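Scroll down for the structure; my scribbles are underneath it.
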2 protein chains.
Amino acid sequence: MSERLARTLFALSDTNRLNIVELLKTGPLPVGEIAAQLGLNQPQTSKHLKVLLEADLVRIEPAANRRIYHLRTEPFQGLTAWSQSFEQQMVSRMTRLEGYLEQIQDTVNLKE
Amino acid sequence: MSERLARTLFALSDTNRLNIVELLKTGPLPVGEIAAQLGLNQPQTSKHLKVLLEADLVRIEPAANRRIYHLRTEPFQGLTAWSQSFEQQMVSRMTRLEGYLEQIQDTVNLKE
DNA sequence: TTGGAATATTCCTTTAAGGGTATATATAAA
DNA sequence: TTTATATATACCCTTAAAGGAATATTCCAA
C-alpha cells in the first residue's frame, strides 16, 4: 500500500543522499563529480546512488566511460501531492470543527 | 544542514509509521485506538509514536488516562515546500535548456 | 490507598544500513 | 591487446532499527 512511498522517503532520509539530491538539483553529474563535491569516497557514492536509483529518484545516462546521474521529477511531484493532501485534509477537519463550534455558540446564544 | 529534514523523512520512511500518520490524518487518536486499527501491539505503537514525536510530526494531548496523538501540520508544509522546490528548479533548468537549443537551432538555420 | 486501565520503557534478539578497503567490470585510448 | 580511467560490487565490521515479551509508570475510580 504505502510501500512505494516508504521506499521513496527512506531513500531521502539519509543526510548524504539528501545532499546528493540537492546537488543533482543543480544539474546532472557523473559519480566522480558527486563524490568530489560532497567529499564522499567513490564506493559509498555509488552505493547511495544505487539506493536513489532503486527508489526511482534518479536515472542514469551512460556517457562513454562515465555514468551521468539525473534527478527524476515524478517522485517529487508524487511527494508534493502526498504532502499537500495532509495540509488539505487537516484544514478541512479544522473547518468542520469551526462549523461545529459556531453551532455550539448559536445554541449558547439562544439560551441566553 | 539537511539534518532536520532527514529526520523528518526518516520518521516517515517506515510503513507502520506511514500508516499511523495516514490514520491520524483522519483525526486525533489515543495510542490504543491506533494500535487496534492498525493491528499493531501497544509497545511498538508507542515506540513508533515516539519517533514521530521526536521528528515533531505529532503532538500529545493528555486526556485523563490516555494520550491523544495529533498530527502537526508544519512539517508537512515544510516537506511540501522542499519537494516543490525541486520541481520548480528542474523546470527552470529545462526552460534554460530549451532556450539554448533554440539558439543552436537559429545558428544552424543561419548556416543553411 | 488499593486496583485497574492506558501508555511508556526496558531488555533481548535479529536484521539491515552505512562506512572502509579491496577488487571486479566496462569503456576509451594508446 | 594492453593500459588507464570511471564506476560498480564484494567483503568485513560496527551500529542502529524494529519486533516481541515483560515490566514500570501514570492516572483515575472505587
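Computed from a predicted model, the values in this text were never measured in an experiment. By convention in this document, chain letters (A, B, ...) are assigned in the order of the sequence lines, proteins followed by strands, and residues within each chain are numbered from 1.
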By side chain to side chain donor-acceptor pair (under 3.5 Å), which residues pair with A/Asn65, not counting sequence neighbours?
none
Minimum heavy-atom separation for B/Tyr69 and B/Leu24, please, with both atom names.
O-CD2, 3.5 Å
With a 4.5 Å cut-off on side-chain heavy-atom distances among I, L, V, M, F, W and Y, is there a chain of contacts connecting A/Leu23 to B/Leu9?
yes
Value in whole Å for how far the C1' atom of D/dA8 lies from CZ of A/Arg66:
16 Å
Heavy atoms within less than 4.0 Å of DNA chain C: which residues of residues 29-38 of chain B have one? Give them sorted by number.
B/Pro30, B/Val31, B/Gly32
Contacts of type side chain to side chain donor-acceptor pair (under 3.5 Å), residue B/Glu54, not counting sequence neighbours:
none
Covered region of DNA chain C, 5' end to 3' end, by chain A [heavy atoms, under 4.0 Å]:
C/dA17 to C/dA28
Among residues at least two apart in sequence or on other chains, which ones pass side chain to side chain contact (heavy atoms under 4.5 Å, CB included) with B/Asp56?
B/Arg4
Hydrophobic cluster membership, A/Leu29 vs A/Ile68, 4.5 Å side-chain cutoff
no
Would you give me the side-chain donor-acceptor pairs under 3.5 Å for residues 30-39 of chain A, sequence neighbours excluded?
from	atom 1	to	atom 2	distance (Å)
A/Glu33	OE1	A/Gln37	NE2	3.1

Residue mapping more 5' on DNA chain C - nearest nucleotide basis, A/Gln42 or B/Tyr69
B/Tyr69
Can you list the residues that meet the side chain to side chain donor-acceptor pair (under 3.5 Å) rule with B/Thr80, with sequence neighbours excluded?
A/Ser83, A/Glu87
Please list each protein N or O that sits under 3.5 Å from an N or O in nucleotides 11-20 of chain D, with the distance.
from	atom 1	to	atom 2	distance (Å)
D/dA18	OP1	B/Arg17	NH2	3.1
D/dA18	OP2	B/Arg17	NH1	3.2
D/dG19	OP1	B/Asn16	ND2	2.6
D/dG19	OP2	B/His48	NE2	2.6
D/dG20	OP2	B/Asn41	ND2	3.3
D/dG20	OP2	B/Gln44	NE2	3.4
D/dG20	N7	B/Gln44	OE1	3.4
D/dG20	N7	B/Gln44	NE2	3.2
D/dG20	O6	B/Lys47	NZ	2.6

What's touching nucleotides 26-29 of chain D from the protein side, N or O pairs under 3.5 Å?
from	atom 1	to	atom 2	distance (Å)
D/dC27	O2	B/Asn65	OD1	3.4

Could you measure the distance from the OG1 atom of A/Thr8 to the CD atom of A/Glu3? Nearest 0.5 Å is fine.
10.0 Å
Results of side chain to side chain contact (heavy atoms under 4.5 Å, CB included) for B/Val21 - residues two or more places apart only:
A/Phe86, B/Leu12, B/Leu52, B/Leu71, B/Phe76
Which salt bridge (charged side-chain N to carboxylate O under 4.0 Å, His left out) pairs, counting each pair once, include a residue from residues 74-83 of chain A, with sequence neighbours left out?
A/Arg72-A/Glu74
What do the steps show when you test A/Lys47 against A/Lys50 for side chain to side chain contact (heavy atoms under 4.5 Å, CB included), and what is the final call?
CA-CA 5 Å; A/Lys47 280 189 236 175; A/Lys50 188 177 185 180; 5.5 Å; no
Residues in side chain to side chain donor-acceptor pair (under 3.5 Å) contact with B/Gln77, at least two apart in sequence or another chain
none
